[in-house]
Structures are given as structure tokens and as C-alpha cells.
Protein chains: 2
Amino acid sequence: MSVGAVSRALSADKTLSIREETRERILGAAKMLNYSPNHAARSLRMSSTGLIGLAVHDVSNPLYSDIVAGAQTAAIEAGYVLTLTDADVLATDEEVFRRLVASKAIDGILLQTVDNSADSIIAKTAKTLPVVMVNAESPNPEVGSVTVDDHQAALLATNHLLELGHRKVAYLTIDEHEDRAARRLGGWRDAMIDAGLVPQARWIVNGGHSSEGGMRAMEAIISTPEMPTAVVAANSLIALGAMKACQAAGLQVPDQVSIVGIHDFPTAAYLNPGLTVVSLPLRQLGERAVQLLLDQREGKRPVHEKLSAPAAEVIARGSTGPCPGSTHLR
Amino acid sequence: MSVGAVSRALSADKTLSIREETRERILGAAKMLNYSPNHAARSLRMSSTGLIGLAVHDVSNPLYSDIVAGAQTAAIEAGYVLTLTDADVLATDEEVFRRLVASKAIDGILLQTVDNSADSIIAKTAKTLPVVMVNAESPNPEVGSVTVDDHQAALLATNHLLELGHRKVAYLTIDEHEDRAARRLGGWRDAMIDAGLVPQARWIVNGGHSSEGGMRAMEAIISTPEMPTAVVAANSLIALGAMKACQAAGLQVPDQVSIVGIHDFPTAAYLNPGLTVVSLPLRQLGERAVQLLLDQREGKRPVHEKLSAPAAEVIARGSTGPCPGSTHLR
DNA sequence: GTGAAAGCGCTAACAG
DNA sequence: CTGTTAGCGCTTTCAC
């Protein structure tokens, strides 16, 4: 019995034929000694680490936790281990980038970024490792990407409000330099136009990507003459800030203003009132991203994919209600 | 110029003396070719990966995001890279544990767990790698740990309520099998006793560790005869659930019931009303944990450390107010 | 069917 | 002061 045979027995090599008894003796000894092949040696020899990186902007952003969960599941399924890193650090800190990406400490990386601070690192990365962008469309043919149906989500959110009798529906957008921004804005615009309404430019306010930004944006909406009776927020953190602004201004939600956000998240149901949201298939987004990454590793061409199933869905909670003064019945 | 010299030049070896011109030529070529030493080969040779793992239970728990941020900073400071993993997966999935920990894909691991599902893996891990428990006291002398001043936090929260004139102050505890639970409960109890009050057993209800649990717990409190006028929640997620339960029961916060939670988090200020919390130095907790881990790596004995600075602090927002019917002035 | 040996890319020790 | 070389622990090919 030699070291070669042991290695092959432990990795369950089918082409190895030794006596069953010997095989069992090897496996037994390995378990007894709690043996695990050294990661570095294995990686060096096989030029593969079995690790997939997921770079996230703001780990604790509650809107995106499902992406992580989905990626986790899919990675394990495929025999990989998922490790998270801070995307901003990766983009900012040369040394961290070098250690993790350039030196191939991981087999590939999933990039979830909010702004395009990432753009610079994407190109660098793609030269070394397979990359898949998560929840943003790749501008680079060497980099795959997956997105959800942003247009549809905003359309559904707006229609929900329209069905409640609202006519003046404002839109709190996320920063324009994100590609999602335009798609979601388009959804709101199309819903308004389909309903025979004119989407007023003054009803579109930039809400940044935080609750703070949402609050400021809503304050601007409130001071608008002919104030809208309902608001679509491009994401639910912005919606949260909008609710705060209403509360500060003494406006009742949903009696005086209805608010709906995009993306469901754990605390949405615990707000006062509960926040009505449109949910998107983020878990599946995470899973699919891993699969695309693995496909690229096997030499397939990077592709962009828009995930449209499961479909976006309105989850009505307390923050949306009938338009005040409308004849709408519910 | 040989490979040895190049390696030493790139790692800035002081004892290497070559012509300045040669050194620059090496560095220049490395930059030109975008060269980075292969991680696996380097790790194998140096028996060190430069990676520190942080295993978290529920990545997106907003209460703990500062721990991650602190650990991140300290790791980079020390020339390491921090990678996050799901603690539950690590505890559950043998294969993931093997790949990441047993095979030494990382140099050490920080363990942040909510329940003691971790207990089983701690022992296993400590045999292979340095481990430091974060925000829980280590039961194992081979494993270091850092905690914050849980007793003080609950004491401050309770005193804040007492100062507002409340006498009947309930306590929503986290699951008892966490060591934090007893320390925080003790803080509430001591504050009550110091104020000459009797901490009633029926005012202690288990709120689990989620908003859902907090809601159930608060429902129980509400149906108590001689209902308390104020509530300390052992963490802010529980407090969130408690607020929801009040709202559902038609109880005004803070006019009829005051609520305070432990741990500040980003959305606390955006709730309606804003949640009063006691903040704890979680960022420093993360930093310190990394330092202890690195100390252990250098052969120092694992220690337990309680972080008492910066001190816990009450952040008063809208969810706490004077006791209804009390003569307290504010 | 089994065992020996090459070599993955790097660093550190040592010989020149 | 610089260049050569051994060897980290593993897998896999090749010779027996």
C-alpha cells in the first residue's frame, strides 16, 4: 500500500482496484487520525481551490441576504465552498485584491456591487478568474451576469397603486449610474402611460440607495405643489426613509400617502405600518450566478441572463391604501 | 538575477542587497506582467494562507454588522484578508468544515454563533486552528473569546426606563442557552433591585432571538394582569417584534408602553417611532477578536476578554417616554 | 493490480 | 553579494 493508492482511495477513484479490505483499512485510518488533505498542497497540484468568492457591498444590507443564501446553497450543491468578501475593500485595497483574486486564492468570483466603483476591478479580475456580476448587467463581454426583471417589479408596484385609485404617483429612484435605475424607472413610466397618465418629471426624485436618501427625497416630494398621494420607491430602504419623512411631516401612511418599495426583507413586516413591497427572486439569482460561474470555469462563454421566474409579486401590507378622496372601492 | 533574488526583492527582503537598478527592474517587470505570487504555492511553502475566517450566524443580521466591519479593518491592518462563512453551514456540513477548516484553507477562525450548535465544532476546530469566539464566552480553555458588557447594557436600559418614572418594567430575554442571556437578565434584575423594586418572575418572558419571538413574548406581557408600562428587550430585533405586538393590540408607543432594545442598528432610527437602544462597542469587539486570534497564532495562550470601553450608551429615540400617570417630569 | 517518482510554484537555506 | 537547490503535501502518470 503506497501513498498514491491512499490518495486515490480517499478521493474515491473508481479506476483504482485494490482489495476491499485494504480500502476499508485506509478509510478507517483516515477517519481515526481525522485526516484531511492539506488545502494548499491540493490546490497547488490541482490548480483549483474549491472556493468561490462572493463580493458584496455592505454585507448586512437586508435586501440582499437572499442572494447570499441562494449562492451558498448552489455552491455547496456543486461541491464548492462560498466565502464572502467586502466588495468595497476589494475595489479599494490593492493588496487584498492581489491576495485573493490575482493570486488565485479562489476559483472565481461573484460581484454584487451597488455603484460602478466595481468597474475598474472587473476588468482586472476577468483577466485572472471567471467573474459573474450579480444583479447588474455586465458591460464587458468577458464577464457574465444575472439580473432580475427590474422593469416588471416597478411596473407591478405602480399598478398596485393605480388599482387603489391613485393618479399622482411619485417615483423615488436609485442613483442613475446603476443600470437597474433606468430599468425600474422605465417600469414606473410605462405603468403610468398605460393607465393614460402623464409621468411628470417633477415626481421623479433621486433617493440615493439608503434610507437617509429616501427621507431627503420624500421631503422634496412633500414640498411639491399638488403633492402626489402615492410613492414607488426604487428599493425598500428608500421606502423606509420615505415613511420616516411622512411621519416627521405629520402625514399618515397610508391614509394620506401610500408607499411601496422594491425587494422584500425580514423587518418589512415589523414596521409601523408594515411596508408593502414587490418581491423579486433573489435567492434564485444567487443560485443562477453560481451556475453561470461554474459554466464559465468549464470554458463556456460568459452570458447575460435575465431571471424572470419566479415572477415578481406584490406583497401588500399596511403602507398602501386607497387614494384619499377617490371613489375607488376596496 | 535569479528566481531567489526575485522572490526576495518582491517580498521586500531587507537582507537582500542588489543594485538598486536591478531591484527596480524586477519590480517594474512584476508590475508590467501583473505578476502575483500563486496563493496555493505560497501557502504551501509558508504554511500560512493569510486568510482569516469569520463564521457568522445569519450574515444579514443588522445587529452584528459592526462586528464584521471591525474584524475586517483589524485583519487588513495586520496584513490578513477576512472571509465570511455561514456558521450554520460550517456546523452542519461535514464537507464544508473539512474543506475550509480541517484542511487549513484559512489560518484561524472567528466564531460568532447565536446558539450553541457551535459547541460541537469548536472542539473539532481548536485541534486544527486557532479559534476565537466572538460575543460569547468560551467554555473551552483552548479557545479564546471576547464579549462586551452585557450586564451593564441591560442595567443602563433598565435605568433609563426607571428614570422616566416606570416601576413595572418587563424583560424580554433571549434564549437561555446563550451565555449572554443570563448576563443581560442580571443587569435588568440588579437595576430593579437597586431601585428598590421587586423583579417579578412573571415579567420575564422568552423572546427567542427574532422579531417573531419578540412579538409573541410581548403578546404574553400584554395579557398579564397589571400590565407593565415599559419593556427591556434583550436585543433590538426582539424589541421590533414587541413594538409590532403593541401596535396590533392598539397600544401607543411610547404613550402607553415604553420599549428599549439592546444593540443599535441602521434602521432603528427609521422606525415609527424610532427605537431607543443601548449601543455596545461591537466594532471594537470585532477588532479585538482578530488581535486575540493573531496572538494565539503566535503561541500566546487563549484568553477571555470582556470589552468595557467604549462604554455602553443609551441612544434615546421615540420609543421611550415618561410613565403614564406618574408624576415624573421631563 | 500496485508502487515509485515527477512536479505543481514558491521561499529559504546554503553554497559559491 | 548572488545563484542553485531542496522541499512544502498532494495527485497522477508511468513503469513494474
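Here is the naming used below: chain letters follow the sequence lines, and residue numbers restart at 1 for every chain.
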Pairs where residues 28-37 of chain A contributes a residue and the test side chain to side chain donor-acceptor pair (under 3.5 Å) is met, not counting sequence neighbours: A:Ser36-B:Arg98
When the axes are fitted on five pairs at both termini, how much does the helix from C:dG1-D:dC16 to C:dG16-D:dC1 curve, in 10° steps? 60°
Does some side-chain heavy atom of A:Leu84 sit less than 4.5 Å from a side-chain heavy atom of B:Val59? yes
Which heavy atom of B:Asp149 sits nearest to which heavy atom of B:Leu280, and what is that distance? O-CD1, 4.2 Å
Using a strict cut-off of less than 4.0 Å between a Lys/Arg side-chain nitrogen and an Asp/Glu carboxylate oxygen, indicate whether A:Arg99 and A:Glu95 qualify as a salt bridge. yes
If we ignore hydrogens and angles and just use 3.5 Å, is the side chain of A:Ser60 paired with the main-chain N or O of B:Ser60 as donor and acceptor? no
Any chance you could lay out the salt bridge (Lys or Arg N to Asp or Glu O under 4.0 Å) test for B:Lys306 and B:Glu137, step after step, and finish with the verdict? CA-CA 9 Å; B:Lys306 186 171 87 180; B:Glu137 197 164 340; over 6 Å; no
With ring centroids as reference points, do A:Tyr64 and A:His263 lie under 6.0 angstrom apart? yes
Closest to the B:Arg8 side chain, choosing from D:dG3, D:dT13, D:dT5: D:dG3
Enter the distance from A:Leu51:CG to A:Ser43:OG here, rounded to the nearest 0.5 Å. 7.5 Å
For DNA chain C, which residues in residues 35-46 of chain A have a heavy atom at a distance below 4.0 Å? A:Leu44, A:Arg45
Could you state the CZ-C1' distance from A:Arg23 to C:dT2, rounded to the nearest angstrom? 16 Å
